[in-house]
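Presented below is the structure to which this report refers.
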Amino acid sequence: MAIQDTARMVSERIETTEINPYEMMLQQLDLVREYTDISDGIWQILRTPERTLEVSVPIVRDDGSIEVFTGYRVQHSSARGPCKGGIRFHPGVTADEVKALAGWMTWKCAVVNIPYGGGKGGISCEPSRFTISELERLTRRYTAMIYPLIGARRDIPAPDVNTNAQIMNWIVDTAQLLSGESTPGIVTGKSIEMGGALGRHEATGRGVMFTTLSVLQRLGMDAEGASVAVQGFGNVGSIAARLLREAGAKIVAISDVSGAFHCPTGFNIDQVLEYVKVSPGHLLAGLPHGGMEEISSDALLTLDVDVLIPAALEAQITARNADAIRARVIVEGANGPTTPEADLILGEKGTVIVPDILANAGGVICSYFEWVQNIQCFPWEEEETNQRLGKIMQRALREVWRLAEERQISLRLAAFILGVERVATAVQLRGVFP
Amino acid sequence: MVSEAPSGLICAEIPNASLFEEALDLCARRSGLPTDAVLRLLDDGDREMHSSFRYGLAKGLCRYLAGLGTGFREMYVYGSSIGESANPTSDIDVIIIVEKKRDEVMNLLRSLDLSLTTHYRRLVGLKKTPASLLDIHVIERGRQDERTGPGAMFDGLHTRPICLWRSDPGSKGASLRGSPLQ
């Protein structure tokens, strides 16, 4: 039998097989367990979401037809505070994915030590198929269906994949109509006019900047003149680049989907930001900038720089390019840019990787600030948000760093351990009801 | 999985399809049967075929780990994969000698196990499959001589592991050339 026939038979059987994300979350948790002394009982609690709600979400389409979608809201843990986590609209949303992401939010909030547990929600749908009014009906019906679970002191959603401030505004409005009370703290990521926090737009990028500066300081590297390559020039990458430039770093490479660009003397980031405001699709292509050359996206990742900030998509640093990466520090602005194989290779080389769970936590920290302002009915100045964000990020990095040094482990594992142990302690202190 | 998966949910890059193809081809060569017949025997739980299949997978795993060019030094297989006694629920007993037992190594091996197990369940259309396809013992180089724990198996008469791969002495590891990653 020809080899091609074997390949065909194998692909017919396994081609569509996906790894269950919830099993992956449990696997990560089991790895953490090898490094902790959490009891069996507490471990069982940590492995299992507190609540999983599956809802049917019917909407009337603009043509009068009715279509029914499936939505979820999962509360993984409320041991440290109300559950916190985004809502995503995507055809790939499944119960197990939402459960996994809810668990991950639990650890993320705990790593940066904000008083939240973890939750997540979503609707399995393709939002680009909807008109604005259909999207509004979908959001409002979903809100009504999960309303028994959410609340400013129970579970606080936020934007995630394919959801935004407008969708959060609709959730607040629906909840207010259902309860008869003003409840701005029921979600975060709202428009400023609806109680959103000043500084929210910049928070994740600002957090990446704080983390980068703290790591450089810990490594005895001077931020002034440090060379930085930023992959991804969206909300996170562009803001991190601007703030690092303001802090004295030299941004020598930037990229987005339209191309990657290298300027050894450093980009004038303000000039680049002005350009993308008006460029077609707000992309970097066609950027007029002296001393710049276009390079491949792969070449950007392997430039000889002090800091590499992958702030685009997941799985960018892989077994194929990890060995060629020359950056001394990688700060994961995006979620999951480094595969397990690349992590292994980079760890062997001594590259310092600040994991996403810590590096891009600025967003959820600012969500926490928004919630605090909402429940106190006392909005802050943007400067206050930025200052507090810096303190929390620097404290979190310090704690993770210390743990990694004490136990001679990676920052990634140290961050997970710190988060999981904090949740385990809270569960232990609460005891088991009744 | 939806995009924007955080690091705790990022899969290993293991090329499952090519590893399974190689394992099936090994079974076909050993038995002289066409691949579809091999698959049917696996579906039926044939022990000899399951042993061969596991041995083939272990060899593929070796090539994959060697291709990472890091601190993997030696890999051994023992148990039912090297006899004729494996059944559909058997795991693959593996000993991996590493330069240093780092958390990244353990994380990757766990991720590999989950990926291979998931795809194996799908490939072999059986209801009863192992909870975990790989039973990996990781030993730091130098400590296998202590002959304690998994290292004790090196002295066993009936369970003595077979060495499937060993990196060149003094090398940093194997090169990527010829690995399934390419």
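The shown structure was predicted, so the numbers you read here are calculated from the model rather than taken from an experiment. Reminder, nothing fancy here: chain letters follow the sequence lines and each chain counts from 1.
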Backbone N/O of Leu133(B) and side chain of Thr117(B): donor-acceptor pair under 3.5 Å: yes

Given Glu421(A), His76(A), Gln28(A), the one that forms side chain to side chain contact (heavy atoms under 4.5 Å, CB included) with Trp107(A): His76(A)

Aromatic ring pairing His50(B)/Tyr120(B), orientation class (parallel under 30°, perpendicular over 60°, tilted between): perpendicular

Main-chain N/O of Glu84(B) paired to Arg47(B) side chain as donor or acceptor, under 3.5 Å: no

Side-chain donor/acceptor of His90(A) to backbone N/O of Pro127(A), under 3.5 Å: no

Part of Ala28(B) within contact of chain A (heavy atom distance under 4.5 Å): neither

Region of Asp30(A) in contact with chain B, defined by heavy-atom distances below 4.5 Å: both

Best-contacting candidate, Met106(B), Lys100(B), Glu99(B), His119(B), against chain A by heavy atom pairs under 4.5 angstrom: His119(B)

Most chain A-contacting option - heavy-atom pairs closer than 4.5 Å, from Gly8(B), Pro6(B), Ser111(B): Pro6(B)

Qualifying residue, where the test is side chain to side chain contact (heavy atoms under 4.5 Å, CB included) with Ile82(B) and the options are Asp93(B), Ile162(B), Leu164(B), Ile92(B): Ile162(B)

Under 4.5 Å from any heavy atom of chain B - which part of Tyr22(A): neither

Glu13(B) and Thr339(A): side chain donor to acceptor below 3.5 Å: yes

Interchain contact, Thr338(A) with chain B, by part (heavy-atom threshold 4.5 Å): backbone

Test item: Arg122(B) side-chain N/O and Arg13(A) main-chain N/O as donor-acceptor pair under 3.5 Å: yes

Side chain, backbone, both or neither of Asp113(B) within contact of chain A (heavy atoms, under 4.5 Å): neither

Option that, when pairs with chain B are counted at under 4.5 Å, heavy atom only, ranks first among Asp356(A), Ile357(A), Leu101(A), Ile345(A): Asp356(A)

Proximity breakdown for Glu12(A) and chain B, heavy-atom pairs closer than 4.5 Å: neither

Residue, of Leu39(B), Val38(B), Leu24(B), that accumulates the most heavy atom pairs under 4.5 Å with chain A: Leu39(B)

Greatest number of heavy atom pairs closer than 4.5 Å to chain B - which of Asn335(A), Asn360(A), Asp343(A): Asn335(A)

